[in-house]
Amino acid sequence: MAKLELKQINKKFGQVHVLHDIDLEIDDGEFVVFVGPSGCGKSTLLRSIAGLEEITSGDLSINGSVVNKLSPAERGIGMVFQSYALYPHMSVRDNMTFSLRLAGKSKAERNEVAERIGKILELDHLLDRKPKALSGGQRQRVAIGRAIAKEPQVFLFDEPLSNLDAKLRVQMRMEISKLHERLGSTMIYVTHDQVEAMTLADKIVVLNRGHIEQIGAPMELYHNPANLFVAGFIGSPKMNFIPCEVIETLDDGYTVKTESGYQFNVGITQRAFKSGEKITVGIRPEHVQLREEQGLKVKVQFVEELGNESLLYTELDKLDECLIVRMDNSLGHKTKEVSLWFEGKDCYVFDEQGLNCSPRREL
Ligand SMILES: Nc1ncnc2c1ncn2[C@@H]1O[C@H](COP(=O)(O)OP(=O)(O)OP(=O)(O)O)[C@@H](O)[C@H]1O
Ligand SMILES: [Mg+2]
């Protein structure tokens with residue numbers, strides 16, 4: 001059992017205010033992923049939960065008791081860092097089962113655990129090596145193994161897969177997911193990888209400059225981002241943003257105009273907009289359609305062919321940003337002019353403050 005509650009947590013390093021009023025509840029057994037740009041405070045928040053950083057104000061509770069003053073060891077937390085600190089003089093086997101030795105487990109018991117975990121992490125042939133004779137990815141797996149061996153109530157992972165190659169990453173992602181199912185422990189995971197965040201999380205916390213922008217299930221954040229920041233952060237490639245002006249109110253939405261003068265319709269919004277108001281229209285690359293005629297004429301700057309799909313990077317005349325189109329294949333669209341079409345129902349409308357004003361989309 002481990003339910004965490006963060007109430008109004010602030011963290012300052014001297015004058016540097018890194019975390020601002022963090023309120024967050026994490027249920028027992030939940031898999032929570034922290035995402036956000038580099039430097040936004042993900043590691044600091046994780047380290048504060050672990051007890052490696054003292055929080056400046058606020059309360060952190062585990063199962064209803066405030067643990068602000070407890071040492072990391074007293075919190076029952078296992079942590080895997082961005083940089084894995086292994087004991088250089090110990091073998092992989094001993095590194096992984098060090099906590100069991102401290103707990104007084106016999107050599108036979110420790111060996112059994114090391115071998116079982118070694119198999120899961122594909123380290124079974126390396127158990128007697130020292131860390132210096134391992135690759136970065138192998139060391140990272142030893143660090144994961146060490147956390148697993150402790151069987152803590154709460155696992156904290158700080159980009160644990162960042163040094164692995166693509167194939168191992170996928171494999172380890174599945175292992176972590178299975179591990180979560182098997183142990184049922186609460187897991188908090190920091191990553192820059194969209195796929196990891198979307199596939200592992202029960203709940204994603206989007207951080208920006210030490211503030212929580214939004215908390216929600218992956219699909220909720222994808223379909224109902226609260227604001228421009230979340231809309232631009234969740235989803236890859238990112239949502240396209242088109243600065244527009246409201247031209248006319250319709251029965252079922254608005255006619256809007258891009259900076260270059262192209263007019264199109266968007267759907268109804270939760271609050272009314274007046275003609276002349278500035279908005280940002282958001283549309284995901286997978287929803288931009290190509291039309292032979294009609295539509296917004298743009299030049300294709302370049303095409304990324306990925307095999308299963310192609311990404312067209314197109315240039316809007318007056319905008320600095322390019323507009324990305326995701327499509328099944330790129331045949332016939334290389335360095336050409338194309339016409340883009342935005343279906344009103346696929347467009348999000350953000351107001352001048354960046355808030356999403358489109359109606360909630362049912363998942
Ligand atoms: N000991 C410290 N003293 C002063 N500032 C710090 C300290 N540790 C972190 N910071 C600052 O706090 C901010 C948040 O850092 P943190 O490591 O939590 O970011 P992060 O979201 O984990 O980034 P990344 O994705 O790059 O790992 C950064 O601006 C960083 O410079
Ligand atoms: Mg970090």
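Below, each value reflects all heavy atoms present in this structure, side chains not excepted, and no hydrogens, waters or symmetry copies. Counting starts at 1 for both ligands and their atoms, following the listed order.
Between K178 and E181 no salt bridge is recorded (no basic side-chain N to carboxylate O distance below 4.0 Å). Taking 4.0 Å as the cut-off between side-chain N and carboxylate O, R169 and E196 count as a salt-bridged pair. Looking at E259 and K278, no side-chain N of the basic residue comes within less than 4.0 Å of a carboxylate O on the acidic one, giving no salt bridge.
Ligand 1 has an N or O atom lying under 3.5 Å from an N or O atom of C40, backbone or side chain. Note: no N/O pair closer than 3.5 Å links V18 and ligand 1 by distance alone. Considering both main-chain and side-chain atoms, G39 comes within under 3.5 Å of ligand 1 through a nitrogen or oxygen pair.
Numbered from 1 in the order shown, with element, the atoms of ligand 1 that lie under 4.0 Å from a heavy atom of T44 read 14 (C), 15 (O), 16 (P), 18 (O). The distance from ligand 1 to the heavy atoms of E159 drops below 4.0 Å at these ligand atoms: 25 (O), 27 (O).
Nearest to atom 22 (O) of ligand 1 by heavy-atom distance, out of G210, S48, S43, is S43.
Counting heavy atoms of neighbouring residues, nucleotides and ligands inside a 6.0 Å radius, atom NZ of K238 exceeds 12 of them. When the shell of 6.0 Å around CZ of R116 is examined, it contains more than 12 heavy atoms from other residues, nucleotides or ligands.
Heavy-atom distances between R47 and ligand 1 stay at or above 4.0 Å for every pair.
Between F302 and Y313, the ring-plane angle classifies as parallel under the 30° and 60° cut-offs.
At a cut-off of 2.8 Å, S43 is counted among the residues with an N, O or S atom near the Mg ion (ligand 2).
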